[in-house]
2 protein chains.
Amino acid sequence: MKLINQLSKETGLPIATIRFYEKSGLFKGQKKKGNTTNNYTYYDDAVSEKLYLIRDAKSVGFTLSEIKELIDALYSKRISKSRKIEILNAKLLQINEKIKELNGVKKQIAYLKSEVEKYDC
Amino acid sequence: MKLINQLSKETGLPIATIRFYEKSGLFKGQKKKGNTTNNYTYYDDAVSEKLYLIRDAKSVGFTLSEIKELIDALYSKRISKSRKIEILNAKLLQINEKIKELNGVKKQIAYLKSEVEKYDC
DNA sequence: TATAAGTATAAAGTATACTTCATACTTTAT
DNA sequence: ATAAAGTATGAAGTATACTTTATACTTATA
């Protein structure tokens with residue numbers, strides 16, 4: 001079980017950002033039970049996994065609410081299996097869409113680059 | 001030459017958004033010269049192209065300032081050819097990165113989906 | 001010809017995603 | 001044992017990317 005500092009070093013995300021994500025309901029840490037002196041929050045490996053997913057999904061244009069929907073579909077116990085599969089399939093389609101768009105943009109830039117190479121001075 | 005309404009219909013972007021992009025320096029329309037009665041702005045096909053590029057690049061996680069840099073590298077006359085090529089190559093690398101990340105996220109989701117299918121009830 | 005629809009502009013407002021600040025307590029290092 | 005570093009929490013502040021509002025003028029349509 002990790003403290004927030006370790007989580008931050010692992011993922012490269014600032015502590016404040018991790019706190020913000022937790023507050024946004026993307027995952028939850030745990031408080032230690034019993035007569036402890038402090039109020040620290042502990043995180044397990046599943047949280048790290050979610051943070052990596054958040055980080056990568058964000059960088060390719062998913063919003064936090066889309067990512068929350070995704071994480072819920074993957075881990076929540078209050079969503080039926082069939083509904084989960086439904087959501088996950090939709091996300092996979094969305095990802096394929098994004099890959100198509102990226103290839104489109106790439107092609108466009110490559111073409112325009114060749115134009116720049118040919119004519120521009 | 002098109003008016004903003006036509007541009008909006010073409011690209012699916014709201015008029016206010018197009019105005020915002022123009023104000024942000026992503027492209028420029030032209031005013032008609034001479035003794036005209038109105039103050040309308042006209043746009044050519046190059047602007048449409050830029051808007052499509054903006055739309056797609058945004059949806060895959062590029063920020064407006066990254067997109068501005070890209071558009072400047074493609075169309076500006078105040079940037080040297082070698083510098084343009086440099087910027088364009090960097091953008092192409094960034095796109096390859098994003099494609100990699102997307103495939104990573106896709107793989108991860110597909111894997112977790114198979115887990116959901118196996119064990120979840 | 002009037003009225004509805006389109007265009008221009010500036011400014012204020014909103015949503016998202018953080019980031020910083022202030023305060024207070026806990027743990028670690030010297 | 002005390003100073004430095006880590007953690008918690010709530011609130012305020014900031015950046016980006018729009019979106020809405022208000023006002024005024026122009027063009028198209030019934």
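Hydrogens, waters and symmetry mates are skipped; everything else that's a heavy atom, side chains included, is used. Labels below follow one simple rule: chain letters A, B, ... track the order of the sequence lines, proteins then strands, and each chain is numbered from 1.
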To the nearest Å, give me how far apart [atom1] ([X]) and [atom2] ([N]) are.
X	N	atom1	atom2	value
Gln30(A)	dA8(D)	CD	C1'	17 Å
Phe20(A)	dA11(D)	CZ	P	16 Å
Ile15(A)	dT7(D)	CD1	C1'	8 Å
Ile18(A)	dA8(D)	CD1	P	11 Å

[X]: which residues meet the side chain to side chain contact (heavy atoms under 4.5 Å, CB included) condition with it, sequence neighbours left out?
X	result
Lys32(A)	Thr36(A), Tyr42(A)
Glu10(A)	Lys2(A), Gln6(A), Ser48(A), Tyr52(A)
Tyr21(A)	Leu13(A), Thr17(A), Leu26(A), Phe27(A), Leu51(A), Ile54(A), Lys58(A), Leu64(A)

Stretch residues 59-70 of chain A: residues that reach within less than 4.0 Å of DNA chain C through a heavy atom:
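By residue number: Thr63(A), Leu64(A).
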
Is Lys91(A) salt-bridged to Glu66(A), going by a charged N under 4.0 Å from an acidic O?
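Looking at Lys91(A) and Glu66(A), the cut-off is not met.
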
Salt-bridge present (Arg19(B), Glu22(B); N to O < 4.0 Å):
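The answer is no: the pair does not qualify as a salt bridge.
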
Using a distance-only test with no angle check, is there a side-chain donor-acceptor pair under 3.5 angstrom linking Tyr43(B) and Gln30(B)?
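Looking only at side-chain atoms, Gln30(B) and Tyr43(B) do not form any donor-acceptor pair under 3.5 Å.
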
Assess, by modelled atom type and distance only, whether the side chains of Ser24(B) and Lys68(B) contain a donor and an acceptor separated by less than 3.5 Å.
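No, no side-chain donor-acceptor contact under 3.5 Å.
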
Answer yes if [X] and [Y] sit in the same cluster of Ile, Leu, Val, Met, Phe, Trp and Tyr residues linked by side chain heavy atoms under 4.5 Å apart, and no otherwise.
X	Y	value
Tyr40(B)	Met1(B)	yes
Ile87(A)	Ile109(B)	no
Leu102(B)	Leu93(B)	no

Give one of base, sugar-phosphate or nothing for Tyr21(A), where a contact means two heavy atoms less than 4.0 Å apart.
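Touches sugar-phosphate only.
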
Applying a 4.0 Å non-hydrogen cut-off, can you work out what Lys23(A) is touching in the nucleic acid: base, sugar-phosphate, or nothing?
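Since no nucleic acid heavy atom lies under 4.0 Å of Lys23(A), the category is nothing.
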
When you measure from the side-chain N and O atoms of Lys31(A) to the phosphate of dT9(D), is any distance below 4.0 Å, counting only OP1 and OP2?
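True: Lys31(A) side-chain N/O within range (under 4.0 Å) of dT9(D) OP1/OP2.
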
Give a yes/no answer on whether the side chain of Thr41(A) brings an N or O atom under 4.0 Å of OP1 or OP2 in dA8(D).
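Yes, such a contact exists.
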
Of Asn39(B) and Ile54(B), whose nearest nucleotide on DNA chain D comes first from the 5' end?
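Its nearest nucleotide being more 5', the pick is Ile54(B).
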
Based on Watson-Crick and G-U pairs with both distances under 3.5 Å, what dot-bracket line describes DNA chain D 5' to 3', crossing pairs as [ ] and inter-strand pairs as |?
||||||||||||||||||||||||||||||

Hey, which of these two, Tyr40(A) or Thr17(A), hits DNA chain C nearer its 5' end, going by closest nucleotide?
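Comparing both residues, the 5'-ward one is Thr17(A).
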
For chain B and DNA chain C, what are the first and last nucleotides along the strand, 5' to 3', with at least one atom under 4.0 angstrom from a heavy atom of the protein chain?
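So the contact region on DNA chain C extends dG6(C) to dT9(C).
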
Just checking Lys28(B): does its NZ atom have more than 12 heavy atoms from other residues, nucleotides or ligands closer to it than 6.0 angstrom?
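Counting other residues, nucleotides and ligands, NZ of Lys28(B) stays at 12 neighbours or fewer.
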
